[in-house]
Structure formats: C-alpha cells, structure tokens
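Single-structure report; data block below.
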Amino acid sequence: MNNEEIYYPSEEVIQQANVKEYDKLYQYSIEEREAFWAEQAEKLEWYKKWDKVLDDSNKPFYEWYRGAETNIIHNAIDRHLGTPTQNKLAYIWEGEDGEIKTYSYHALNREVSIFANILKAMGVKKGDIVTIYMPQLPEQIFAMLACAKIGAAHSVVYGGFSSEALLDRIKAAKSRVVITADGGYRRGKPTHLKKIVNEALEMCSVVEVVITVKRTGEAVEMQNDRDFWFHDLKALPIANGKCETVHMKSTDMLFLLYTSGSTGKPKGLVHTHGGYSVYTATTMRMVFDIKPEDRFWCAADPGWITGHSYIVYGPLINGATIFSYEGAPNHPYPDRWWRMVEKFGISILYTSPTAIRGLMRFGESWVEKHDISSLRLLGSVGEPINPEAWKWYYKHVGKEKCPIMDTWWQTETGGFMIAPLPITPLKPGSATKPFFGNEMAVVNDKGEKVATGEQGNLVIKAPWPGMAATVHNDDERFVETYWKRFEKQGFYSAGDAARKDEDGYFWIIGRTDDVIKVSGYRLGTAEIESAIVSHPSVAEAAAIALPHDLKGNAIHGFVILKHGLVASAELEIQIKNHVAKMMGPIAKPESITFVDALPKTRSGKIMRRVLKARALGEDEGDLSTLAD
Ligand code: WTA
C-alpha cells in the first residue's frame, strides 16, 4: 500500500466478519462467475431451481437464474415463519412525533398479507404496476411487500416529488391503483401528500383507485368512487386471512423505479425477483456483515433505490431487524439521530455524505450526549464522501472502532458494485474494491484501460445478478443509455468518472453525463431545464451543477428571458420557486443567472461544460464545436 492515510480494521472486527478473506474469493468469483452466483443463490429458497445461472444469449438483456421460480417475499418473509426468526423484531419505526411501532416477522407477515388482500380485492393482478407515493411510514414498506407478494410490481415515487413529477410517473407506469397517505411529519409540520395526489389525478384518468393511509388526520378531499381510507378497508372481512405468495419467474418484474438520466423524462428501471433477491441478500450479508442480532438502520428514503435494496429487501431476506424514522434529522434537536441510535441499540448505520456533513455542522457535542456504543459498522452512499466528513464520521460516530463501508452503486445496479468488506483497509474517500463477481475498470473514450491513477470512465465489464433487466417499455433506451458507448467491448457505462490507484482502489469523481447529484438525490439537467422553461417568463434555460459544501452539488440555472422582459431579483425568486413546485423542493436551484445567450454547439446542443468552466473560472477546453 502507498503512504496515503489507511485505516485498518481491528482484530475484533476481523474475528467477527462474515467474510474473512477478499483476494482469493474475488479471484474465484470472477473466474467462476456462474458457480459463485449459484452458490450464493443456494443460500436462498426457490420454488423451482434454475436451469441456467446466466443466460447471455441476448446481450445486454442478460437473464439471471433462467427457468427458476421464486418470489422475493418467500425469502424476505415466508421462509422466516415457523423458525425462531418468526418472533424476532423485523421492523422498528419511529415517527417524528415520537410514536414508536414495532413488528415481529410474524406481524410483518400479517400486515403485508392484509395489504395484499386489499390490493387483490381492488383488482390488482400479477403484472400490474402500483404506484406508491408515501411518507416514511410502516405502511409504505408493507405496501411494497404486498405488491411483490401478489406478483404486482411497485413503482415507489419519492414523497418529496411534486404533483407534476408524480403525474409523469403514474402515467408512464399506467398505474390503476395509487397508494398514499394524508401526509407525514417534517420538522413538526404535516406534509400534504394526498393533496398532491389529488392535483396529479386531475390531469390523468388512468387511476381508478386511491388508497390513503391516515397519519396526520388533516382534512383531505376524498372522491367517492375512487378514494378509500386504508383503515376502512382493513376493517373489512376481505382484508383478513391467509394470502398466498404468488410464484414468479426469476426474470419477472419485481419493481419499477424511475430515475433521472441525461435526456428527456425519467426512465423506469426494471428489477426482477430472482437476480435482485440474490444480489441484495449477498451484498448485505458480506458488506454489512449482517448477523441475526443486528439492528440495521439505512437512513435513506424508500423512494430511492437505497431504500428498496437496503431498508427493505436485503435486510429482510437476511432476517435482520430494520429501523426507519419518519422525519427530519434535527427535529426537535440536532441529537435526534443519536438519541434513536441509543434508544434502539442500532448496530449498523448507513447514510449519505450530505447527511453526515449536515450533522457534523451541529458539532460533536450532540453526538457525545448519547451512548452510541452499540454501533459496530457505518456506511455511506450516494456521492463521493470528502475525507473531512469521513474522518468526522469515523471519529465521532464510529469512535474509531467502526469501519465505514463507502458503497458505490446505482439505481441500475440494484446493489453495491464497489464497496469494502469490514476487513478491508480503508482510505477515506475511496469506495475501495469491486464486490465479488464484478469486474470494474476505468477506460478512456475508446474503451481502453487508462494508466493507474488516471481519470477516465467507470465501466462494468461483466454482468451481475442485481443488474436492471431493462428500461420499462423501452429496451432501446436501455441499450442506448448504458451499452452503446462501449458496445464493441460489451461494457456497461456507468456515467461516472473515476480513477483507480496503485492498490486497486477506486476513487469516484462524479457524473460525466447530465445527471446532477444534489444531497445524494439524483436529478437530470433535462428535467430541471424543462421545469425552468415552463415558467412563463423564460425563453431558454440551462442547468448545471456546481460544488456545494453541504449538498455536494447545487443546481445553478442560466436563463434567457422572453423578449422585452427585464431580469430582477424578484424574478429570480419566482423562477426558483417555480422549479421547486414543478419538481419538488430538492430541485430548487441555488441561483439563477440571467444571460443573453447560451453556449451551444452548431447543432443547437447546450454546452453545459462551458457554463460550468466559466462559473468555476476554469479553462473552457475545446471550443471548436461552439456555434459562436
Ligand atoms: C453516485 C444511489 C461516490 C454516482 C445508490 C452514481 C456515488 C450515482 C456513491 C447513482 C459513492 C453513488 N461514492 N459516488 N459511494 N454511490 N454515487 O442511482 O455518481 O441514485 O452514478 O443510486 O450516485 O445514483 P443513484
């Protein structure tokens, strides 16, 4: 190893780790990829085993565990019933108002079965797509699991998205049924989700049924023939009784999750029952070293992939206890998180660099008020973690004894692709090495490996079970977005820049495409620009990301006003608020700059890199394609 700062795991960590050796197992996993993934799949239960681990006859539409039958719910819930796990806690939830709910695996099965029975009674069938738009309530997770149980796919839309964003996603998925709540609590105030659903549905006719969970009790408008309260349905005889878990093909759709890309509307990535089960279960067991006695808190929102894979599916398949929290991290005081870690004896905490930086800002005295010695492992995801935040997290939260699992992955990958194991020596800011079975590389634009330490494009060279099957209803876009760029080599293009150091450690630099990571949330410049342009005063717009101390990146808009209009501070505020309304508060631009022209190529494409270089005072690079 070179002389950078390296943090070695303690003997104790190594002793208890589920995986005690990396190099040999990694070598085996890439040389005997199918054998490795067959062994991991054997750790789960299947209704019917596969006839082929990996079918690569129709690249890049790889099929994992072809011929197998399963349902992720069988492994996440059913197989725990009748074992000692049945009576352990599956799930602890705390509301922002301090309300606590707990569910054993037995109770989880009951709640999910109730929800599933209700969905069936509402006519939801295998293959349907149900949209879930909820705050972080237990019912959000029950709804996801209930869909999976009956073979319907869920499409969870982040509760911070606006009615317009929700509408787009409902329409694209053609959801007949939407599940929501009256609202949730955020910084002591109720949010109004049902109202947003109502607004969205005014503009769309595909939805026939809306099921609303009562949380805040605020008055909401209910439409007679469409709207049902969840608690009313739950009281009906149809809700009760056993609900069979539907047998699915390994390659059947488990869920659809919309994510932002370079162009156009968000795309719905499709994940499947078989491969995704194996991948989330294996990464969870090996990277987060999950043990029956762990209490695992992934502080993401189920509306994003991190929540799907590591709040819900990965931990439950492993029979762990999950924890989730409804509200703001600093409510009512900045020690809220540490209070809950202490109160519930959380042993593994997984969050984003933005959250860590946010908590760091309040100072360590808030952490020190609490006994958080139950923690044994920490995790980070969503954006590169700056060494300063890493060290604060390591020192003040992990007390210099908890290794930090910096996990690099994407909505598309289903689970961790580059991540350490607890036994891995850590370098702050590096996600370390590829997970088993994965061959990753940094290449130039021609697809050739760059020299050690040099920056290039991050690619994945071989398929893995957690990979998305396709883009919903758009195979072409799937190929175009991820597989076209390095078609000759057959590499998956991640859209990130990275470098690999002399120890084989990967350092992620950030997106190379027009995706912006704001506070770890993934947004597309195209969506932001179309939101800006929908303001009546705006003629043209461009959006770029610039570094931000807390959020990692912040959005900056450049606007050409319609003819005759004059720029003003007032108008800047208006446009910012307009974007927040159109997309959701996370997309609100940090600043709007009024300009007379935008740098464009001769074919009319906005050269965002020129805007960015100018804003940062950097070299503008090759301007030969600039129109004028
Ligand atoms: C970024 C989130 C650096 C990266 C799971 C990736 C990271 C995008 C890391 C995917 C990390 C995620 N270090 N960057 N540990 N994890 N990213 O789809 O740019 O919301 O391409 O998935 O987040 O974002 P997504």
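Remember, it's 1-based here, ligands and their atoms both numbered in the order they're listed.
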Looking only at non-hydrogen atoms, which of G379, P384, P353 approaches atom 3 (C) of ligand 1 most closely? P384

Residues two or more places apart in sequence or in another chain: which of them pass ring-ring contact (aromatic ring centres under 6.0 Å, His included) with Y26? Y22

Name all residues meeting the ring-ring contact (aromatic ring centres under 6.0 Å, His included) criterion together with F486; count only those two or more places apart in sequence or in a different chain, and write none if there are none. none

What protein heavy atom sits nearest atom 13 (N) of ligand 1, and how far away is it? E383 O, 3.4 Å

protein heavy-atom neighbour closest to atom 1 (C) of ligand 1 works out as G382 O, 3.3 Å

Is the NZ or CZ atom of R169 both under 6.0 Å from the centre of the six-membered ring of F161 and within 45° of that ring's axis? yes

Just to confirm my output: which protein heavy-atom neighbour is closest to atom 8 (C) of ligand 1, and how far is it? K517 CE, 3.2 Å

Check for me whether the distance between the ring centres of H154 and H308 falls short of 6.0 Å. yes

Side chain to side chain contact (heavy atoms under 4.5 Å, CB included) partner of W297, chosen from L375, I348, I322, I346: I346

Based purely on interatomic distance, does G510 place a nitrogen or oxygen under 3.5 Å from a nitrogen or oxygen of ligand 1? no

Hey, is ligand 1 close enough to R511 that some N/O pair sits below 3.5 Å? yes

Can T282 and F416 be said to form a side chain to side chain contact (heavy atoms under 4.5 Å, CB included), step by step? CA-CA 10 Å; T282 309; F416 312 147; over 6 Å; no

Which atoms of ligand 1 are found less than 4.0 Å from any heavy atom of T306? 5 (C)

Ring pair (Phe, Tyr, Trp, His ring centres under 6.0 Å), paired with Y310, selected from F323, F296, Y279, W409: W409

If you draw a 6.0 Å radius around CD in E364, do more than 12 non-hydrogen atoms from other residues or ligands fall strictly inside? yes

Check each of T259, T411, D513 against atom 18 (O) of ligand 1 and report the one with the nearest heavy atom. T411

Quick one: does W409 get a heavy atom under 4.0 Å from ligand 1? yes

Are any of the heavy atoms in G495 under 4.0 Å away from ligand 1? no

From the candidates T432, D496, T413, the one that places a heavy atom nearest atom 6 (C) of ligand 1: D496

Proximal candidate to atom 15 (N) of ligand 1 [heavy atom criterion; set V381, T407, I516, I509]: T407

With heavy atoms only and a cut-off of under 4.0 Å, state how R522 meets ligand 1: side chain, backbone, both or neither. side chain

How about V459 and Y492: do any of their side-chain heavy atoms sit closer than 4.5 Å? no

